[in-house]
Student: 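Below are the structure tokens for one structure; questions will follow.
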Amino acid sequence: MPKTIAVVSIKGGVGKTTTCINLAAYTAAMGVKVLLLDLDPQNGCLYGMGLEVRPGHSLKDAILNQVSPEKTLTSTNRPELNVLLNGFFETGEELEAFQAAFEKDAHLLDTLLTTLTREGDFTPDLILIDCPAGVSALTINALVTSDSVILPMQCEPLSLRTLPQMLRSVASVKSRYNPRLVVEGVLTTMFDPRQEAKFGVAQQVWTDFPEDMVFETVIPRHDQLVESFAIGAPAIDISARSVGSQAYIQLGRELIMRLPEEQG
């Protein structure tokens with residue numbers, strides 16, 4: 001079975017999608033078969049990777065139109081990386097029906113991914129789930145099906161204050177639905193050592209949380225990460241030697257070391 005990781009945060013704008021895209025690209029480049037699932041109706045992975053939604057090839061189609069999950073994947077320029085895009089909603093009613101399906105069944109995503117990995121031609125070693133901000137039914141579904149969570153935390157005081165709430169949500173899902181769920185790691189993002197407030201927030205994370213609960217890698221605030229998203233490609237594909245790309249390459253190495261031996 002693949003290792004499934006949800007990338008979650010109460011706060012938006014902390015680097016969830018950037019983290020998912022670059023982790024997926026790097027681990028796939030290293031030979032790990034990766035499925036990137038965009039659970040956010042804002043379709044960040046679609047824009048950040050420069051993809052297009054083909055008719056019938058989206059999570060929306062699997063949920064609302066009963067398309068077989070294994071037929072909904074979108075391929076990329078890496079054979080080891082496929083993406084399940086969220087899809088576009090033509091009306092507010094359609095979006096409400098999509099969200100209501102997850103509210104009705106906390107195991108809906110788990111069932112879909114089980115079907116996809118058992119019956120599809122693409123069998124991933126790693127599933128990365130890009131979750132919307134907050135703790136909606138979509139995120140709860142992601143936590144129910146995941147083995148672990150990555151918690152991107154922007155080096156800002158507000159982001160730090162929301163971290164305990166997210167940890168409580170993870171603990172709640174663990175006790176109620178998914179006893180195997182653990183914290184893969186807190187990931188400090190948008191770090192700038194020249195700004196005292198950002199350094200102070202990062203230092204508090206390193207001090208307050210156990211060492212094995214925080215990734216060694218620190219993601220810097222770097223223009224190239226923003227520019228690559230605007231271009232529609234992982235940062236490591238635009239300039240692998242840039243500071244931002246090197247940070248995600250290091251994070252990818254950390255993650256690969258944690259995969260089961262037969263996968264990593």
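Keep in mind that this is a model prediction, so the values were computed, not measured.
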Student: Of all the heavy-atom pairs spanning Ala24 and Leu128, show the shortest one and how long it is.
Tutor: N-CD1, 3.7 Å
Student: To the nearest 0.5 Å, what is the distance between OG1 (Thr4) and CG (Leu143)?
Tutor: 12.0 Å
Student: Let me see the working for Arg253 and Tyr26 under side-chain contact (heavy atoms from CB on, under 4.5 Å), right down to the final yes or no.
Tutor: CA-CA 9 Å; Arg253 289 171 179 163; Tyr26 177 75; 3.3 Å; yes
Student: Checking side-chain hydrogen bond (donor to acceptor under 3.5 Å, both in side chains) between Asp110 and each of Asn141, Thr115, Thr145, which is the one that passes?
Tutor: Thr145
Student: Considering residues, nucleotides and ligands other than Arg118, do more than 12 of their heavy atoms fall under 6.0 Å from its CZ?
Tutor: no
Student: Side chains of His107 and Tyr177: closer than 4.5 Å at any heavy-atom pair?
Tutor: yes
Student: Just by distance, do the side chain of Ser245 and the backbone of Arg241 share a donor-acceptor pair under 3.5 Å?
Tutor: no
Student: Which pair of non-hydrogen atoms, one from Pro2 and one from Pro124, has the smallest distance, and what is that distance?
Tutor: CB-O, 3.2 Å
Student: Can you tell if the side chain of Leu23 reaches within under 4.5 Å of the side chain of Val7, non-hydrogen atoms only?
Tutor: no
Student: When rounded to the nearest 0.5 angstrom, what distance separates CE in Met153 from CG in Leu187?
Tutor: 9.5 Å
Student: Are the side chains of Ile127 and Thr117 in contact, using a 4.5 Å heavy-atom criterion?
Tutor: yes
Student: Any heavy-atom pair between the side chains of Ile140 and Val135 that's under 4.5 Å?
Tutor: yes
Student: Hey, does Glu184 have a side-chain heavy atom less than 4.5 Å from the side chain of Lys3?
Tutor: yes
Student: Please check: side-chain N/O of Asp125 versus main-chain N/O of Lys33, any donor-acceptor pairing under 3.5 Å?
Tutor: yes
Student: Atom CZ of residue position Arg180 - does it have more than 12 heavy atoms of other residues, nucleotides or ligands inside 6.0 Å?
Tutor: yes
Student: Please round to the nearest 0.5 Å and tell me the distance separating atom CD1 of Ile238 and atom CD1 of Ile231.
Tutor: 4.5 Å
Student: Check whether any side-chain heavy atom of Pro41 lies under 4.5 Å from a side-chain heavy atom of Leu138, and answer yes or no.
Tutor: yes
Student: Is the side chain of Asn86 donor-acceptor paired with the backbone N or O of Asn43 at a distance under 3.5 Å, no angle test?
Tutor: no
Student: Answer yes or no: is there a side-chain heavy-atom contact under 4.5 Å between Leu151 and Val8?
Tutor: yes
Student: Tell me whether Ile129 shares a hydrophobic cluster with Leu84, the cluster being built from Ile, Leu, Val, Met, Phe, Trp, Tyr side chains joined at under 4.5 Å.
Tutor: yes
Student: Identify the heavy atoms of Asn22 and Tyr248 that sit nearest to each other, and give their distance.
Tutor: CB-CG, 3.6 Å
Student: Taking atom CD of Gln42 as the centre, report whether more than 12 heavy atoms of other residues, nucleotides or ligands fall under 6.0 Å from it.
Tutor: no
Student: Could you tell me whether Asp130 and Lys16 have a side-chain N and a carboxylate O separated by less than 4.0 Å?
Tutor: no
Student: If we check side chain to side chain contact (heavy atoms under 4.5 Å, CB included) with Leu73, which of these qualifies: Leu36, Asp121, Asn82, Leu37?
Tutor: Asn82
Student: Measure across Ala247 and Ile219 and return the closest heavy-atom pair with its distance rounded to 0.1 Å.
Tutor: CB-CD1, 3.8 Å
Student: Can you tell me how far apart CG (Leu59) and CG (Leu64) are? Round to the nearest 0.5 Å.
Tutor: 8.5 Å
Student: Can any side-chain N or O of Thr76 pair as donor or acceptor with the backbone N or O of Arg78 at less than 3.5 Å?
Tutor: yes
Student: Is it possible for you to say whether Phe122 and Val32 belong to one hydrophobic cluster, with membership spreading through side-chain heavy-atom contacts below 4.5 Å?
Tutor: no
Student: Show your working on side-chain contact (heavy atoms from CB on, under 4.5 Å) between Leu46 and Phe88 and close with a plain yes or no.
Tutor: CA-CA 11 Å; Leu46 178 145; Phe88 292 105; 4.1 Å; yes
Student: Mind checking whether His222 and Ser242 have side chains closer than 4.5 Å, heavy atoms only?
Tutor: yes
Student: May I ask you to decide if Cys45's main-chain N or O and Asp38's side chain share a donor-acceptor pair within less than 3.5 Å?
Tutor: yes
Student: Val144 and Val183: same hydrophobic cluster, using ILVMFWY side-chain contacts below 4.5 Å?
Tutor: yes
Student: Between Gln224 (side chain) and Ala235 (backbone), is there a donor-acceptor pair under 3.5 Å?
Tutor: yes
Student: Are Leu113 and Leu181 joined in one hydrophobic group, where the rule is that I, L, V, M, F, W and Y side chains link up if heavy atoms are under 4.5 Å apart?
Tutor: no
Student: Among Leu85, Asp237, Val83, which residue satisfies the side chain to side chain contact (heavy atoms under 4.5 Å, CB included) criterion with Met49?
Tutor: Val83
Student: Is there a path of hydrophobic side-chain contacts, each under 4.5 Å between heavy atoms of I, L, V, M, F, W or Y residues, that connects Leu35 with Leu109?
Tutor: yes
Student: Can a donor-acceptor pair be found, under 3.5 Å and without considering hydrogens, that links the side chain of Thr189 to the backbone of Val14?
Tutor: yes
Student: I'd like to know if the side chain of Ser169 and the backbone of Gln165 have a donor-acceptor N/O pair within less than 3.5 Å.
Tutor: yes
Student: For Ser172 and Arg168, indicate whether the former's side chain and the latter's backbone hold a donor-acceptor pair under 3.5 Å.
Tutor: no
